[in-house]
Every structure is written in structure tokens, then in C-alpha cells.
Amino acid sequence: MPVKHLNQGQLADRWDVSEATLERWRSAGIGPVYLKLQGRVLYRVEDVEAFEAASLHRSTSERVAAGGAA
């Protein structure tokens, strides 16, 4: 069964950032949406991938269109 959720540690590893950075981003409203279930923070893989796709840039002034097509 494929993984559907990442915990904070898994996402920190995926993006090579600290867990404290993810906590700070959540507080500031930065990053993908997340679930908070019984005190646990979880990120849906689909939301992480959508956030990554929306963050693609071709240059410092040009975002990549939806779908990442050239």
C-alpha cells in the first residue's frame, strides 16, 4: 500500500530542512496544507506534490506553468 501521508520528520527529510523550519513555516502559513489529528501533524502526499509543483520556477522572475511543461 503506497504512503498517503508524511509526518513532519519525513517531510523535513524529503526537503532537507529541519523540523523546526517546518514548524516555523506552519506558524507563518507557508508550505503545504496539513492535517492535525490528535496532536499529530501529517501532510498528505498529494498536497506536498501540489505545493512542489506550484513552487517550480524557470528563472527568478518566471514561474513554470501548471503541469511543468516547457
Side-chain angles (χ1 to χ4, degrees):
M1 181 176 208
V3 175
K4 296 184 179 186
H5 296 90
L6 300 174
N7 65 31
Q8 178 173 285
Q10 292 167 322
L11 183 57
D13 287 344
R14 178 180 177 131
W15 285 351
D16 194 26
V17 299
S18 70
E19 291 187 43
T21 295
L22 292 176
E23 292 167 4
R24 191 171 55 254
W25 288 354
R26 279 197 311 273
S27 178
I30 301 169
V33 296
Y34 62 94
L35 301 167
K36 192 155 190 183
L37 302 172
Q38 296 181 348
R40 293 181 58 213
V41 172
L42 297 171
Y43 296 89
R44 296 186 310 181
V45 171
E46 63 196 63
D47 294 327
V48 170
E49 291 173 345
F51 181 81
E52 290 169 344
S55 298
L56 290 173
H57 285 76
R58 187 169 317 286
S59 69
T60 57
S61 61
E62 181 184 2
R63 283 190 179 261
V64 174

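If you read the sequence from its start, that first residue is 1, and numbering goes on from there. Just so it is clear, the structure is predicted and the values come from calculations on it, not from any experiment.
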Student: So how far is it from Leu22 CG to Ser27 OG, rounded to the nearest 0.5 Å?
Tutor: 12.5 Å
Student: Decide whether Val33 and Val45 are clustered together by the hydrophobic rule: side chain heavy atoms of Ile, Leu, Val, Met, Phe, Trp, Tyr closer than 4.5 Å, transitively.
Tutor: no
Student: Has the side chain of Glu49 got a donor or acceptor atom that lies under 3.5 Å from a matching backbone atom of Glu46?
Tutor: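 No, the answer is negative, given that no donor and acceptor are paired below the 3.5 Å cut-off.
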Student: Is there a side-chain contact between Gln8 and Tyr34, using heavy atoms and a 4.5 Å cut-off?
Tutor: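 The answer is no; the side chains never approach within 4.5 Å.
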Student: So, do Arg40 and His5 sit near enough that their side-chain heavy atoms are less than 4.5 Å apart?
Tutor: no
Student: Determine the minimum heavy-atom distance between Gly9 and Glu19, stating which atoms define it.
Tutor: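 Taking Gly9 first and Glu19 second, the nearest heavy atoms are CA-OE2, 3.6 Å.
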Student: Please find the pair of heavy atoms, one from Ser18 and one from Ala12, that lie closest to each other, and give the distance.
Tutor: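 Result for this residue pair: C-CB, 4.1 Å.
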Student: I need the Leu35 CG to Asn7 CG distance, nearest 0.5 Å.
Tutor: 12.0 Å
Student: Rounded to the nearest 0.5 Å, what separates atom CZ in Phe51 from atom CD1 in Ile30?
Tutor: 8.0 Å
Student: Hey, could you give me the CD/OH distance between Gln10 and Tyr43, rounded to the nearest 0.5 Å?
Tutor: 11.5 Å
Student: Can you measure from CZ (Arg26) to OG1 (Thr21) and round to the nearest 0.5 angstrom?
Tutor: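 The OG1 atom of Thr21 is 11.0 Å from CZ of Arg26, to the nearest 0.5 Å.
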Student: Within this structure, what is the CG-NZ distance for the pair Leu42 and Lys36, rounded to the nearest 0.5 Å?
Tutor: 11.0 Å
